[in-house]
There are 2 protein chains.
Amino acid sequence: MTPVNGPRVDARDDAADDESSYEEAGTGKRRGRRPGREDTRAALLTAARELFSEQGYEGATVRAIATRAGVDPAMVNHWFGGKEGLFAKAVLELPFNPPEVLETILNGGPIDTLGERIVRTFVTRWDESGGGVFTALVRSISAREDAAKALRELIMKYLLGRIASELASDHAELRASLCASQMVGLGMIRYVAAFEPLASADIPTVVALVAPNLQHYLTGELNLERAE
Amino acid sequence: MTPVNGPRVDARDDAADDESSYEEAGTGKRRGRRPGREDTRAALLTAARELFSEQGYEGATVRAIATRAGVDPAMVNHWFGGKEGLFAKAVLELPFNPPEVLETILNGGPIDTLGERIVRTFVTRWDESGGGVFTALVRSISAREDAAKALRELIMKYLLGRIASELASDHAELRASLCASQMVGLGMIRYVAAFEPLASADIPTVVALVAPNLQHYLTGELNLERAE
DNA sequence: GTCGCAATTCAACGGTCGTTGATTTCTGGT
DNA sequence: ACCAGAAATCAACGACCGTTGAATTGCGAC
């Protein structure tokens with residue numbers, strides 16, 4: 001069946017490399033384990049987060065990620081068991097750091113300035129990465145089949161679950177999803193579409209503009225009676 | 001250079017088909033032009049819109065689109081010049097039908113119910129396709145490199161450009177981008193993430209919930225003085 | 001009735017992707 | 001000093017992708 005079965009010709013020696021002394025540390029890749037203490041795993045995670053953010057899940061190839069990290073593509077399999085595992089670790093896990101963020105939001109002031117704290121906290125965090133954290137999530141999520149579930153769980157777990165339960169008012173889940181729609185939309189316009197003037201507005205301006213509506217979703221009147 | 005140059009062996013006859021009479025219309029593919037009046041182009045467009053919506057640009061393969069349309073993959077090249085052309089026609093062109101939509105929104109009532117008309121019109125349109133129109137756009141846009149530009153132009157051209165100019169108030173572009181953030185976020189939560197209870201709420205409820213905030217963005221007080 | 005042309009199918013190509021197995025090199029424990 | 005094992009590179013594999021060119025068939029003009 002296999003067309004090539006024979007001598008397994010090796011084309012390795014085309015480099016004509018007579019580097020018997022391995023002094024050169026720049027690009028001369030030795031063969032085996034690396035000498036110093038270089039964290040290949042962390043380099044891969046960083047490169048993966050960048051490329052998933054720019055290209056999405058399908059667009060970011062394992063080869064490109066490994067090249068940016070300066071290592072061999074095979075290391076993705078060695079450290080993460082494959083592209084899926086790398087994606088899960090790089091994009092779906094770390095970048096939220098839930099306890100710290102939630103403390104700031106929930107215990108940072110009275111409930112009638114909650115919307116303000118939510119907007120300020122997330123825009124500040126998203127801006128720190130140049131929008132990369134947000135776009136990585138959206139771009140990658142949009143290309144995988146478990147997109148909806150992943151996004152839903154992430155928002156519920158880190159963003160709104162705790163907030164909704166803290167509200168202790170009527171229609172907590174409805175208020176939470178409305179709140180999510182405004183925050184996700186803000187991220188889409190500011191980072192993914194880069195729609196002006198909202199994309200370049202500074203953080204206090206964005207807070208002043210968006211927080212009132214968020215606060216209305218959280219504690220205001222929903223006038224559901226007009227609909228039902 | 002070419003490894004196989006010889007007899008060009010044909011494996012066509014593995015089907016063992018003795019269908020001398022081509023009565024069967026179900027799966028028996030003849031070779032040349034099709035007999036009836038079947039619109040291959042339209043079938044490809046429909047299938048492409050579905051698959052781009054489900055899988056995004058990279059995930060939806062030409063072969064899969066052609067299979068769903070019931071034709072040969074080569075027809076994508078024949079009719080659209082390649083995958084890019086099919087994507088442009090199927091996703092980036094038709095589904096908005098701008099004149100009709102904009103007439104409904106702009107000339108459908110007074111300016112202080114503009115937010116209501118915007119929400120109702122777009123949610124109605126998006127719901128008609130099961131969210132496919134919206135998700136096709138977002139999913140595909142997220143995977144292409146001209147993502148930001150395409151989304152920006154689309155929103156500006158069909159959604160907000162005319163609306164902003166119709167406002168004739170202060171900070172028209174800022175109001176337009178705020179408006180866009182709420183509408184895009186609504187689509188993300190309702191269709192892409194399918195976040196409950198907003199995903200299953202009926203149209204009047206969604207309108208009643210979201211329209212007030214949209215109206216505030218359009219004609220309300222923006223309290224920019226607090227920020228600058 | 002015939003013939004040019006458009007529509008369609010098919011097999012194949014070159015390229016790229018994610019992954020693997022063999023091999024080589026460094027590290028840490030004893 | 002040595003050795004088991006982890007870390008890393010490399011070449012190759014099989015699969016699949018988008019695209020192409022040749023062959024085949026029906027339609028419509030004359």
Side-chain angles (χ1 to χ4, degrees), chain A residues 1-15 17 19 22 25 27-44 48 51 55 57-67 69-87, chain B residues 1-15 17 19 22 25 27-44 48 51 55 57-67 69-87:
Chain A
M1 279 293 180
T2 46
V4 174
N5 208 357
R8 183 75 67 100
V9 284
D10 229 8
R12 170 77 178 90
D13 42 0
D14 55 1
D17 46 353
E19 42 169 359
Y22 39 89
T27 56
K29 296 279 185 56
R30 298 289 305 284
R31 183 67 185 279
R33 185 178 186 142
R34 283 187 163 177
R37 184 73 251 120
E38 315 186 31
D39 201 340
T40 297
R41 219 185 102 103
L44 274 175
L51 275 173
Q55 319 260 21
Y57 181 78
E58 319 262 8
T61 70
V62 170
R63 287 171 153 90
I65 293 170
T67 298
V71 301
D72 193 87
M75 301 317 291
V76 170
N77 274 67
H78 187 266
W79 285 107
F80 303 97
K83 189 183 187 180
E84 296 256 354
L86 175 57
F87 175 75
Chain B
M1 279 293 181
T2 46
V4 174
N5 208 356
R8 185 72 68 97
V9 283
D10 232 6
R12 170 79 176 89
D13 43 0
D14 56 359
D17 45 352
E19 40 168 359
Y22 39 87
T27 56
K29 297 278 184 60
R30 299 290 306 282
R31 184 66 184 281
R33 187 178 188 143
R34 283 186 162 178
R37 183 73 249 118
E38 316 185 32
D39 199 340
T40 297
R41 221 185 101 102
L44 274 175
L51 276 173
Q55 319 259 20
Y57 182 77
E58 320 261 8
T61 70
V62 170
R63 287 170 152 90
I65 292 170
T67 299
V71 300
D72 193 87
M75 301 316 293
V76 170
N77 275 68
H78 187 266
W79 286 107
F80 303 97
K83 190 182 186 180
E84 295 256 356
L86 176 57
F87 175 74

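So that the names make sense, note that chain A is the first sequence line, chain B the second, and so on, each numbered from 1.
Rounding to whole angstrom units, NE2 of residue A:His78 and C1' of D:dA6 are separated by 6 Å. Here D:dT20 presents its P atom at 5 Å from CG of B:Asn77, a figure rounded to the nearest Å. Taking atom CZ on A:Arg63 and atom C1' on D:dC10, their separation rounds to 12 Å, with Å as the unit. To the nearest angstrom, C1' of D:dG18 lies 9 Å from OH of B:Tyr57. As a whole-Å value, the separation of A:Met75 CE from C:dT23 C1' is 14 Å. Nucleotide C:dT16 holds its P atom 15 Å from the NZ atom of A:Lys83, rounded to whole Å. In this entry the distance linking CG of A:Asp72 with P of C:dT20 reads 14 Å, nearest Å. Rounded to whole angstrom, the span from the CZ atom of B:Phe80 across to the P atom of C:dT8 amounts to 11 Å.
Paired with B:Met75 under the rule side chain to side chain contact (heavy atoms under 4.5 Å, CB included), one option of B:Val62, B:Thr40, B:Leu86 passes, and it is B:Thr40.
Distances shown here put a side-chain N or O of A:Trp79 below 4.0 Å from the OP1 or OP2 atom of D:dA8. Side-chain N/O atoms of B:Thr40 include one lying less than 4.0 angstrom from OP1 or OP2 on C:dT8.
The line from CH2 of A:Trp79 to CG of A:Leu44 is 9.5 Å long, rounded to the nearest 0.5 Å.
Annotation: side chain of B:Tyr57 is in contact with side chain of B:Lys83 (closest heavy-atom distance under 4.5 Å).
Of all the heavy atoms in B:Ala69 and B:Ala43, the pair that sits closest is CB-O, 3.7 Å.
Closest to the A:Ala74 side chain, of the nucleotides C:dG21, C:dG18, C:dA7, is C:dG21.
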